[in-house]
Colleague: 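Right, I'll just put the structure down here and ask away after.
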Amino acid sequence: MNIVETENKYTSGLYAKQTLTIVRGQGASLFDVDGNEYLDCAAGHGVANLGHAHPKIAEALYKQASTLITLFESFPNDQRAALMEKICTLLPGLDRVFFCNSGTEAVEASFKFSRISNGRKNIVAAMRAFHGRTYGSLSATFNKKYRDGFEPLVPGFCHVAYNNIEALDKAVTEETAAVILEVVQGEGGVYPADVEYIQSARRICDERGALLIVDEIQSGFGRTGRMFAIQHYGITPDLLTCAKSLAGGVPMGAVLIGRNVKNLTPGVHGSTFGGNPLSCAAAIAALTVLEEEDLPGQAEAKGKYLMEKLKKIDSPNIREVRGMGLMVGIELKQKVAPYIKALQEKRIIALNAGMTVIRLLPPLVISYEQIDHLVDVLTDVLTTEQKDE
Ligand SMILES: Cc1ncc(COP(=O)(O)O)c(C=O)c1O
């Protein structure tokens, strides 16, 4: 079987396909079908925080798969109960949880919970925000690229300039159900919010009786140097959405729920697969590894090391290096596509964030040696002219 040809024949067509076939991962490395090693600075768009093929995740999955894979949340289960207890002690004040299967589902749920909680309709989101691609989430996602062709979207959504307290202050009224924010915008270009902005968002929501939703789908689980990025900001949201790395790579999403969220009664929302014992077992293992290996601490130290080195690259092509922990953006003065291609030719897999930002989201287990190698290759690529084909 020719893998590339087979996928090209049967694909939905929704993905811009690479010609590189990846068949195995180990730590921060990926291997192609010929055994060539690549340094993974994408981590499946921020999923593989623990690295690939972590033995503790494999063990938990094997054990649970041979015990019980599926169980609707109406029936209590040992794995789910253990995960609930663990996840609800991560952030004081967020002590209930809803489990689902992906990021966009977590965001959808957070909007439904907001509207049912306070009976209001309006949701305020930020410009450049990315919250997913299903209808509710898409209505909060800003970029036209994702929205065009799908109107009418869900009514009641508006967007205000990010990191702008005045704009938020004007937009939030007594009819606002919730404000949704990423504390570090990911897809939008890797923009960390100012502390004052997030603290003001909390105050503004409190003053007007709106709920504050923080979307930590990309920034959660150690990525920014704390378990959740919001811990850098000294406030607690009413709802926190997470997914990606929650279950060590196994599909799972969750909404952490604070005490201001009301009216969550049977039947208001639900999910067939949500909270299944297999994903729960994987998530318990993932959270245990995050704590045991102090991956948030590693992300903080390695992120600082990486950013310091990146800031020293002397290239007229670089406009700015920014980020938090191991969520790093290198903004260029031109389109990044040819640079990402050049990196891949040198066996580094990186992401873009918009047209002009190279986004680095490596597994948090990346070694200092691998970071040095990444910086050497980036220096080479960024100081050489790359042609946009
Ligand atoms: C901040 C944020 N919210 C929501 C999503 C949507 O998550 P999913 O692709 O799992 O639906 C993403 C995905 O990249 C994200 O980065």
Side-chain angles (χ1 to χ4, degrees), residues 12 14-16 41-49 98-114 123-143 145-147 150 153-154 157 159 162-163 178-193 198 201 212-224 228-230 232-233 237 239-256 271 273-274 279 282-283 286 323-329 350-354 357 359-362:
S12 58
L14 296 174
Y15 299 90
C41 292
H45 287 242
V47 171
N49 288 10
F98 167 72
F99 292 124
C100 51
N101 316 288
S102 66
T104 199
E105 282 177 69
V107 172
E108 294 287 338
S110 74
F111 293 152
K112 286 184 73 181
F113 297 170
S114 300
I123 310 279
V124 178
M127 289 174 182
R128 288 195 310 244
F130 184 86
H131 296 294
R133 302 166 195 256
T134 54
Y135 265 98
S137 312
L138 185 62
S139 306
T141 291
F142 180 69
N143 196 328
K145 176 177 97 175
Y146 301 111
R147 298 161 62 96
F150 299 108
L153 299 179
V154 179
F157 285 71
H159 293 88
Y162 187 68
N163 233 351
V179 172
I180 182 163
L181 294 171
E182 294 159 272
V183 279
V184 185
Q185 289 190 318
E187 303 291 319
V190 191
Y191 290 97
I198 297 296
L212 178 61
I213 307 168
V214 163
D215 181 345
E216 293 248 21
I217 288 162
Q218 196 163 132
S219 58
F221 302 110
R223 170 67 50 201
T224 68
F228 292 108
I230 196 66
H232 295 281
Y233 291 83
L239 293 148
L240 183 143
T241 57
C242 54
K244 291 203 192 274
S245 185
L246 164 58
V250 175
M252 189 177 207
V255 186
L256 300 182
S271 162
F273 288 131
S279 303
M324 201 186 266
L326 280 174
M327 189 166 178
V328 174
L351 290 167
N352 69 308
V357 179
R359 185 172 29 147
L360 303 172
L361 299 174

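This chain uses plain numbering: 1 for the first residue, then up along the sequence. In each ligand, atom 1 is the first atom listed, and ligand 1 is the first ligand listed. Just so you know, these numbers use all the heavy atoms, side chains as well, and skip hydrogens, waters and symmetry mates.
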Colleague: Among Arg359, Arg133, Arg128, which residue satisfies the salt bridge (charged side-chain N to carboxylate O under 4.0 Å, His left out) criterion with Glu187?
Modeller: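 With Glu187 as partner, Arg359, Arg133, Arg128 yield a single salt bridge (charged side-chain N to carboxylate O under 4.0 Å, His left out), made by Arg359.
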Colleague: Which residue in the set Tyr135, Phe111, Phe142 passes ring pair (Phe, Tyr, Trp, His ring centres under 6.0 Å) when paired with Phe157?
Modeller: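 Of all the options given, the one that passes is Phe111.
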Colleague: Starting at NZ of Lys244, measure out to CG of Asn49 and round the result to the nearest 0.5 Å.
Modeller: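 Going from NZ on Lys244 over to CG on Asn49, the span is 10.0 Å.
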Colleague: Could you give me the CA-CA distance, side-chain angles and deciding distance for Ser271 and Glu105, then say whether side chain to side chain contact (heavy atoms under 4.5 Å, CB included) is met?
Modeller: CA-CA 9 Å; Ser271 162; Glu105 282 177 69; 4.2 Å; yes
Colleague: Determine whether more than 12 heavy atoms belonging to other residues, nucleotides or ligands lie under 6.0 Å from atom OH of Tyr146.
Modeller: yes
Colleague: Run through all N or O atoms in ligand 1 and write down each protein N or O closer than 3.5 Å, as a pair with its distance.
Modeller:
residue  : atom   : partner : partner atom : Å
ligand 1 : 3 (N)  : Phe130  : O            : 3.4
ligand 1 : 3 (N)  : Asp215  : OD1          : 3.4
ligand 1 : 3 (N)  : Asp215  : OD2          : 2.7
ligand 1 : 10 (O) : Gly103  : N            : 2.8
ligand 1 : 11 (O) : Thr104  : N            : 2.8
ligand 1 : 14 (O) : Lys244  : NZ           : 2.9
ligand 1 : 16 (O) : Gln218  : NE2          : 2.8

Colleague: Report yes or no: do Thr104 and Thr134 form a side-chain donor-acceptor pair below 3.5 Å?
Modeller: yes
